[in-house]
Amino acid sequence: MTDLTNMMKDKPQIGVSACLAKQPVRFDGCFIANPFVNNECSEFFDLHTICPEVEMGLGIPRPVIQLRDFDGEVRLVFSKNPEKDITNEMREYSERKLDALPPLDGYIFKKDSPSCGVFNVAVKNDKTGMRKRNGIGIFAQAFKDRFPEVPTEDEGRLNDKGIRENFLERVYAHYRWRQIDSAVNPLQAFRDFHKNYKLILMAKDNTAYRQLGRIAASVNKNNFMQVRQEYFQLFMQAMSKIPSQGHHVNVMMHILGYLKDHLNKKDKIELLEWFETYRENRVTRITPLSLLQHHFNRHENEYITEQYYFSPFPGKLMLPQ
Ligand code: SF4
């Protein structure tokens with residue numbers, strides 16, 4: 001199946017909240033040694049560590065800051081001195097920093113931070129003192145606004161197997177997409193990209209799969225720049241979906257069709273039984289996929305061999321089973 005190491009000239013580029021990568025930049029001068037960031041991510045990605053609060057000049061140590069809701073307007077302020085509003089400074093820093101960043105394929109943010117948190121950050125109501133977990137850090141928001149197609153996650157959510165898998169699929173898709181520009185024939189590289197993602201798209205979003213197929217079929221050297229942007233927006237939206245077991249079984253049935261002339265009845269029944277065992281959540285997807293792979297090793301099929309469905313990213317990046 002697709003060999004990731006052979007096709008990649010360098011590594012995916014990932015932004016990381018600096019405190020997750022053992023840099024002592026937190027308000028109290030400490031760090032958080034996130035094992036995924038410091039082990040697997042360091043091995044497979046080029047990491048770009050960023051601490052917005054230190055880089056904008058708040059210093060170490062520094063007073064704690066928070067998001068606070070003033071009559072519906074969320075501002076970044078010092079927790080013990082809420083008149084001191086640093087929202088504009090953080091926004092200005094963010095724009096400058098984002099201007100200077102190299103192209104990134106993903107970003108892992110520190111959870112709960114009023115600067116870096118990307119999901120459910122606490123926002124304190126100035127009048128009632130109540131906290132709602134519905135905010136997003138100011139730097140994280142600026143990043144998402146500037147780079148809507150770049151996958152972002154928070155370190156806490158990456159401990160969920162499905163969320164981690166989805167994040168990694170999108171990181172590697174984004175990375176492979178960037179390789180199109182440096183290809184000898186970018187138009188052909190775009191067509192290959194679409195072809196090799198077909199089975200993943202089929203699993204994630206059948207409607208988008210058909211729409212993307214129509215867009216890819218319409219591309220030519222005159223409309224390439226315009227069509228590729230339209231394609232990529234829809235592609236990354238489809239990639240953000242997490243397919244059900246049933247959707248994966250549909251794709252595996254489709255793959256089985258490519259073996260129909262090669263397998264005997266006993267082999268087909270064995271595969272179908274494993275598909276059902278997977279659908280019932282009694283084994284992981286690796287089991288039926290490995291068996292399919294075993295059969296394709298003996299009955300090679302170029303289209304299937306090149307599909308990223310079997311290896312969207314290096315398996316070592318996943319959580320242990
Ligand atoms: S969460 Fe962000 S701003 Fe806070 S210490 Fe970590 S990198 Fe710096």
Side-chain angles (χ1 to χ4, degrees), residues 12-42 44-69 74-82 84-124 131-148 150-160 163-164 167 171:
Q13 307 294 304
I14 301 290
V16 182
S17 295
C19 57
L20 298 176
K22 297 189 184 171
Q23 293 185 15
V25 289
R26 299 196 77 207
F27 68 96
D28 55 2
C30 293
F31 61 80
I32 297 157
N34 180 288
F36 177 57
V37 168
N38 292 290
N39 300 327
E40 289 87 350
C41 292
S42 308
F44 287 95
F45 304 142
D46 285 334
L47 298 181
H48 300 264
T49 54
I50 297 163
C51 177
E53 291 173 21
V54 169
E55 290 186 19
M56 73 177 273
L58 292 181
I60 309 169
R62 56 186 175 274
V64 175
I65 57 176
Q66 66 179 193
L67 296 176
R68 194 177 273 239
D69 182 340
V74 176
R75 308 291 295 180
L76 183 65
V77 299
F78 284 90
S79 301
K80 291 198 173 152
N81 188 6
K84 192 143 189 249
D85 182 327
I86 52 171
T87 317
N88 292 344
E89 286 93 324
M90 178 59 91
R91 285 191 181 138
E92 282 158 22
Y93 155 78
S94 300
E95 294 309 318
R96 283 197 309 277
K97 183 71 186 177
L98 298 177
D99 285 344
L101 279 182
L104 296 181
D105 300 303
Y107 206 120
I108 300 173
F109 285 106
K110 165 78 181 70
K111 69 175 181 176
D112 298 334
S113 157
S115 307
C116 291
V118 77
F119 291 106
N120 306 324
V121 179
V123 180
K124 185 172 182 178
R131 284 169 200 271
K132 275 193 187 167
R133 289 205 153 266
N134 61 354
I136 176 167
I138 303 291
F139 178 72
Q141 181 69 67
F143 184 89
K144 282 172 73 75
D145 289 346
R146 179 79 76 96
F147 306 113
V150 176
T152 53
E153 258 309 339
D154 88 29
E155 30 109 22
R157 281 168 44 99
L158 287 171
N159 292 322
D160 177 285
I163 291 174
R164 184 183 295 196
F167 176 69
V171 163

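Counting starts at 1 for both ligands and their atoms, in listed order. Throughout, numbering of the chain's residues begins at 1 and tracks the sequence.
Asp154 contributes no side-chain N or O that, together with a main-chain N or O of Phe109, makes up a donor-acceptor pair within less than 3.5 Å. No side-chain donor-acceptor contact under 3.5 Å links Asn34 to the backbone of Cys19.
Counting atoms of ligand 1 from 1 in the listed order, those under 4.0 Å from a heavy atom of Arg26 are 5 (S).
Annotation: atom 5 (S) of ligand 1 to nearest protein heavy atom, Arg62 NH2, 3.5 Å.
Looking at residues two or more places apart in sequence or on another chain, you find a side-chain contact (heavy atoms from CB on, under 4.5 Å) between Ser79 and Val64, Gln66.
Among residue pairs with one or both ends in residues 23-42, none qualify as salt bridge (Lys or Arg N to Asp or Glu O under 4.0 Å); sequence neighbours excluded. Screening residues 109-120 for salt bridge (Lys or Arg N to Asp or Glu O under 4.0 Å), with sequence neighbours left out, gives Lys110-Glu155, Asp112-Arg133.
Neighbouring protein atoms of atom 2 (Fe) of ligand 1 (N, O or S, distance under 2.8 Å, waters ignored): Cys116 SG.
Side chain to side chain, Gln13 and Asp46 meet the donor-acceptor criterion of an N or O pair below 3.5 Å. The closest side-chain donor-acceptor pair between Gln141 and Asp145 falls under 3.5 angstrom.
Residue contacts with ligand 1, taken as heavy atom pairs separated by less than 4.0 Å, do not involve Glu155 at all.
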